[in-house]
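Heads up, the thing below is written out as structure tokens.
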Amino acid sequence: MLSIYNSLTGKKEPFQSLQPKTVRMYVCGVTVYDYCHIGHARSALVFDVIRRYLEFSDYQVAFVKNFTDVDDKIIKRANERGVSCDAITAEFIEAYYQDMGKLGIRRATNEPKATEHMAEIIELVGTLIQKGLAYQVAGDVYFQVEKYQDYGRLSKRKLEDLQAGARVEVDARKRHPMDFALWKSSKPGEPSWDSPWGPGRPGWHIECSAMSMKHLGETFDIHGGGMDLIFPHHENEIAQSCGATGKEFARYWAHNGFVQINREKMSKSLGNFFTIREIFEKSRWPEAETGEMLRYFLLGTHYRSPLDFSDQSLLEAKNAADGFYGLFARLEEAGDKSTADKGLMEAIERCRVAFREAMDDDFNTSVALAALQRLKSDVNKLLSQGLSTEARKIAREEFRSLGINLGLFQLGKWQFSQMPIGQAMELSQVSAITRGRVVRIDQAAEADPPKPIVSAAKPKSDFSDTQVQLKVDERNEARKQKNFKKADEIRQSLASNGIVIEDKPDGTSRWKR
RNA sequence: GGCGCCGUACCCAAGUGGUUAAGGGAGCAGUCUGCAAAACUGCGAUGCAGCGGUUCGACCCCGCUCGGCGCCUCCA
């Protein structure tokens with residue numbers, strides 16, 4: 001039985017979909033005016049995994065994830081560059097697909113854009129005015145929070161509390177400081193749509209109400225997003241949607257925790273963020289492995305907890321993944337004995353049960369990974385006792401089919417790393433010092449904290465696969481003749497090119513990068 | 001000022017009112033190996049920030065203190 005932590009109630013609740021065997025889920029996507037950072041990656045990944053696991057649990061999932069493509073920041077960026085808003089949003093939607101694609105994040109079943117739902121948005125605003133929940137001031141329309149009884153239910157705040165701490169100067173035309181814009185009149189040169197209140201554009205929150213209700217119905221199952229969206233975005237969505245329909249809106253609210261740098265929230269305003277593409281560019285591993293490493297890293301912590309991003313954690317994830325792919329490589333060789341085949345089935349069954357239990361418990365990927373690690377350890381032992389070719393295939397398949405829930409273990413070959421964690425950390429510190437020096441000289445005022453980097457060194461790739469194989473063969477010939485000096489020299493020269501040899505009992509060797 | 005979260009071994013990270021406090025990474029020792037690598041085995045928190053309280057019993061519940069953080073403005 002699946003249970004989900006519901007931000008609305010603050011409790012873990014058994015999950016029950018409105019319609020049997022179907023889940024309707026809406027997740028707030030990104031505002032497309034810039035490249036995505038690791039925080040965006042985490043959010044996208046978390047809900048991707050939730051979607052995958054729901055499907056694994058035999059639900060059909062209608063998964064809607066929007067793009068916000070009308071917004072102040074987009075307009076600003078377009079003006080800076082002297083291009084149209086459409087050009088900006090098209091560019092960054094494309095970038096989004098590229099970056100998330102590298103992370104193996106599947107597309108949602110529906111990815112609506114605000115600009116394509118003006119009719120629905122305008123209709124919804126009209127309904128809210130009609131019902132007396134919204135009012136017009138010149139060309140603007142505001143939602144009147146005092147008219148909505150349950151305002152503050154999700155974020156667990158009272159209107160008075162919010163008012164007391166208001167950090168921004170209040171627009172005097174508003175009836176209550178917390179009233180928020182449903183429709184904004186547009187200034188010349190801004191994107192604009194005709195409406196009963198004059199030419200304008202929608203406020204931020206209304207698009208999500210309009211799009212979710214259009215594509216999923218007035219009441220649906222799960223609504224997700226980052227923690228920072230709880231207030232005001234999701235609170236306002238609830239007010240608008242429930243206000244307009246008089247019905248329940250989303251039944252379960254799921255919010256992911258932040259990615260942090262040095263225990264601080266990663267964010268644009270703090271400037272302490274890493275874009276996804278930056279990580280891929282700096283990574284010393286090929287794209288597929290880097291994506292796998294990032295996923296492994298991001299899923300090592302429960303989705304609601306904060307997650308600190310660092311070189312070391314990333315390398316730990318890489319090393320942990322190495323262990324799996326090392327086993328997969330050994331499983332791909334033919335086996336003659338079937339001594340332990342029966343034990344394999346038991347180990348697999350044990351893993352399946354543990355995996356499901358973990359994921360059923362509010363998508364506890366950390367514990368689910370532990371279950372897979374247990375299976376890895378079990379299979380390693382069984383392999384040394386002897387597994388048939390058949391059983392080896394079954395074992396590899398099992399990792400694949402459970403792993404796909406997390407998007408892991410789907411790769412064919414894996415590039416291994418030789419860099420010990422200690423060494424990598426030193427590299428990181430060196431670069432941090434260098435960076436600090438540059439900052440001191442150039443812009444003393446902006447001494448930002450040292451940023452960790454993925455890695456300094458790109459792997460040397462002096463040898464092609466066939467060249468390596470020739471060297472390996474040469475070494476084994478030397479070994480056969482007990483010329484260990486020569487054998488060790490060859491191994492050493494390969495090692496300095498990042499290639500590791502593992503000798504097999506039969507006198508042949510496997511190697512990895 | 002209001003609301004809320006977190007503090008578990010060298011690092012990361014699960015977890016439960018009462019069994020041996022998962023798992024990973026790193027480390028050390030051993031087995032195996034020509035030597036390695038990998039794998040395997042063993043070691044590693046008498047304690048879960050600190051102090052009180054509730055309880056037959058608390059890391060887990062309550063209170064306080066210390067430390068870190070988030071939201072209340074755009075933000076995944």
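Chain identifiers are assigned alphabetically (A, B, ...) following the order of the sequence lines, protein sequences preceding nucleic acid strands; residue numbering begins at 1 within each chain.
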Check your understanding: Side-chain N or O of A/Asn483 less than 4.0 angstrom from OP1 or OP2 on B/G34?
Key -> no
Study note, to complete from the structure: Checking B/C3, B/A37, B/G24 against the side chain of A/Gln373 (C-beta onward), the nearest is B/G24
Practice item. Between B/C10 and B/G70, how far apart are the C1' atoms? Round to whole Å, please. Key: 28 Å
Exercise for review: Determine the interplanar angle of the A/Phe399 and A/Phe409 rings, folded into 0 to 90°, and report it as parallel if under 30°, tilted if 30 to 60°, perpendicular if over 60°.
Suggested key: perpendicular
Practice item. Check the angle between the aromatic planes of A/Phe180 and A/His205 and answer parallel, tilted or perpendicular using the 30° and 60° thresholds. Key: perpendicular
Check your understanding: What integer number of Å spans the P atoms of B/A14 and B/A9?
Key -> 13 Å
**Study point:** N/O donor-acceptor pair, side chain A/Asp488 with base B/G34, under 3.5 angstrom
**Key:** yes
Practice item. Run through A/Asn364, A/Leu54, A/Leu2, A/Thr365 and flag the one making a side-chain contact (heavy atoms from CB on, under 4.5 Å) with A/Met359. Key: A/Thr365
**Study point:** Pairwise P distance, B/C40 and B/A49 [rounded to whole Å]
**Key:** 32 Å
Practice item. Could you measure between the two P atoms, the one in B/A76 and the one in B/U19, and give it in whole Å? Key: 44 Å
Review point. Any donor-acceptor pair under 3.5 Å between the side chain of A/Asp503 and the base of B/C35?
Key: yes
Review point. Just to confirm, is there a sub-4.0 Å distance from OP1 or OP2 of B/C40 to any side-chain nitrogen or oxygen of A/Asn380?
Key: yes
Practice item. Report yes if at least one side-chain N or O of A/Lys381 is closer than 4.0 Å to OP1 or OP2 of B/U41; otherwise report no. Key: yes
Review point. Does a distance-only test, which skips hydrogens and angles, find a donor-acceptor pair under 3.5 Å between the side chain of A/Arg42 and the base of B/A76?
Key: no
**Study point:** Pairwise C1' distance for B/C59 and B/G7, with rounding to whole Å
**Key:** 12 Å
Point to revise | Per A/Arg330 side chain, nearest of listed nucleotides B/C40, B/A39, B/A76 | key: B/A39
